[in-house]
Number of protein chains: 2
Amino acid sequence: MMARMDEPRWLSDDEQRVWRAFREAVGMLNAHTETQLQRDAGMPQAYYEVLVELSESPDQVMRMSDLAIATGSSRSRLSHAVAKLEAKGWVRREACPTDKRGAFAHLTPAGFDAIKAAAPGHVEAVRAAVFDQLTPDQVRMLGEISETIRAGLTPQCPEVERRLAAEDEDAQADAGDGGDTGRAA
Amino acid sequence: MMARMDEPRWLSDDEQRVWRAFREAVGMLNAHTETQLQRDAGMPQAYYEVLVELSESPDQVMRMSDLAIATGSSRSRLSHAVAKLEAKGWVRREACPTDKRGAFAHLTPAGFDAIKAAAPGHVEAVRAAVFDQLTPDQVRMLGEISETIRAGLTPQCPEVERRLAAEDEDAQADAGDGGDTGRAA
DNA sequence: CAGTCATAGTTGAGCGCTCAACAAAGGGCT
DNA sequence: AGCCCTTTGTTGAGCGCTCAACTATGACTG
């Protein structure tokens, strides 16, 4: 499947320019905010986002799995991240009484202080690099574009693809079912 | 400067939604293309971009420094990357005769084959995730938005910031000189 | 209830990136 | 020439991420 396509649908010159500009802008923006946070707050952006998510949660507590989903990271990544954050004293782990497999991540007061101290500088950096540069129309468009790309990537992207592949194999075993659509490609 | 701002200019709800959608979309898109390339071509996206840059160069040769600039990476990163690519037999290093500090990175035939094999799948993935999803207007806007953000980040972003800081110190020492312009690319 | 599969979370190895330190060579200036 | 500063490129340590195993618990079914 997909092994051979007679003629790949190459990008036009315009599309290529857009793609390269996009990649470049994203790379620079990411480097910029990453450096800013690392320098001013002593934490990488990924950890910042974990703390943000926790701080906005009802009691500053979340199940590890929910936190992983909320931050768009794998369980593994979150587990490593929380281990580091716990070592810094910013997060505390707690066992879940009703489901003994489960674990809660709990934002500590020190963690709350850390994010409170980090937020203004980070927001300022983001605002200066993005929202101060763009017109309101561009901001709105950026939101729509992002949402569209996100939506297009959601069904078949992460490990779900593997799952679909696995289900495909199963389906081949018991042959005809509705056979859904080929999610194209 | 920037040390204290009485009230941070927080993001509005709309801005926050846009920022989160953007971060999410970028993260997913990046993960998607990264996985695709790693799986189908056995190389990370950063190495792919190195090979692309080399393949588009007159004789498939570039100075390491120029290649670093072209790929938007640090010398260190490129050095590590080329070491790996050389181990794979995709790139060969050559000494520069006129500047004995210098080094050329030379795309090998095997490297050319590798990128030729990788390109269609990668382009298809990018097209499916981005250009097939967006209207022509959105594509155009994405280009403009990217270009704006890139431009806003160019002067003060990478290690230039350090340089500016250093020059600031110098400037304080000898006070006013002509203070040229940013050597606008 | 036993057997089986799914779910929650952790762990360690491997990899790419950053950062700071470094060696080697060029380019001025006196 | 000799000195100093810049530029080029490499190196090794440390860090975060991915991937594949693995443990342990829950949930479902005969």
Side-chain angles (χ1 to χ4, degrees), chain A residues 27-28 30-39 42-50 62-69 71-88 91 93-105 157-163 166-167 170, chain B residues 27 30-39 42-50 62-69 71-88 91 93-105 157-159 161-163 166-167 170:
Chain A
M28 292 175 68
N30 207 54
H32 184 65
T33 54
E34 191 72 54
T35 301
Q36 182 272 321
L37 264 178
Q38 192 66 46
R39 180 195 43 189
M43 68 179 102
Q45 204 160 359
Y47 292 7
Y48 177 82
E49 280 167 4
V50 168
M62 276 204 221
R63 279 292 286 268
M64 290 291 285
S65 273
D66 297 337
L67 191 50
I69 292 170
T71 57
S73 64
S74 66
R75 289 193 182 78
S76 170
R77 173 165 152 194
L78 184 71
S79 190
H80 285 296
V82 168
K84 287 278 183 187
L85 290 172
E86 197 171 21
K88 284 214 169 202
V91 169
R93 275 188 181 95
E94 277 175 30
C96 174
T98 73
D99 183 343
K100 291 187 180 174
R101 298 166 303 180
F104 288 118
C157 191
E159 46 212 63
V160 180
E161 199 165 309
R162 295 169 186 282
R163 180 171 310 183
E167 283 169 1
D170 291 356
Chain B
N30 207 54
H32 184 65
T33 55
E34 190 72 54
T35 301
Q36 182 273 322
L37 264 178
Q38 192 68 40
R39 179 195 44 190
M43 69 179 100
Q45 205 161 357
Y47 293 8
Y48 177 83
E49 280 167 5
V50 168
M62 275 206 223
R63 277 291 286 269
M64 291 290 287
S65 271
D66 296 338
L67 190 50
I69 292 170
T71 57
S73 64
S74 66
R75 293 182 214 294
S76 171
R77 173 164 151 195
L78 184 71
S79 190
H80 285 297
V82 168
K84 287 278 182 186
L85 290 172
E86 198 172 21
K88 284 215 170 201
V91 168
R93 276 189 182 94
E94 278 175 28
C96 173
T98 71
D99 183 344
K100 291 187 181 174
R101 296 167 303 179
F104 288 117
C157 192
E159 44 213 67
E161 198 165 309
R162 296 170 186 281
R163 180 169 310 182
E167 283 170 2
D170 292 356

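Each chain gets a letter, A, B and so on, in the order the sequences are listed, and its residues count up from 1.
- With sequence neighbours excluded, the residues satisfying side chain to side chain contact (heavy atoms under 4.5 Å, CB included) with B/Ser79 are B/Arg93.
- Nearest heavy atoms, B/Leu78 versus B/Met64: CD2-O, 3.0 Å.
- Side-chain proximity of A/Thr35 to D/dT8, C/dC19, D/dC17: nearest is C/dC19.
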Protein N or O to nucleotides 22-25 of chain C N or O, pairs below 3.5 Å:
none

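- Atom-to-atom, CD of A/Glu49 to P of D/dC17 comes out at 10 Å; the value is rounded to the nearest Å.
- Taking every heavy atom of residues 79-87 of chain A and every atom of DNA chain C, pairs under 4.0 Å involve A/Ser79, A/His80, by number.
- Checked against side chain to side chain contact (heavy atoms under 4.5 Å, CB included), B/Ser65 has the following partners two or more places apart in sequence or in another chain: B/Arg75.
- Heavy-atom distances to DNA chain D give each of B/Ser65 and A/Pro44 a nearest nucleotide, and the one nearer the 5′ end belongs to B/Ser65.
- Scored by the side chain to side chain contact (heavy atoms under 4.5 Å, CB included) test, A/Glu49 finds A/Gln45, B/Arg23 as partners (sequence neighbours excluded).
- Side-chain N/O atoms of A/Arg63 include one lying less than 4.0 angstrom from OP1 or OP2 on C/dG9.
- For A/Arg63, the side chain to side chain contact (heavy atoms under 4.5 Å, CB included) test picks out A/Asp66, A/Cys96, A/Asp99, A/Phe104, with sequence neighbours left out.
- Closest to the A/Ser76 side chain, of the nucleotides C/dA8, D/dG9, D/dA20, is D/dA20.
- Distances shown here put every side-chain N or O of B/Arg77 at or beyond 4.0 Å from the OP1 or OP2 atom of C/dC19.
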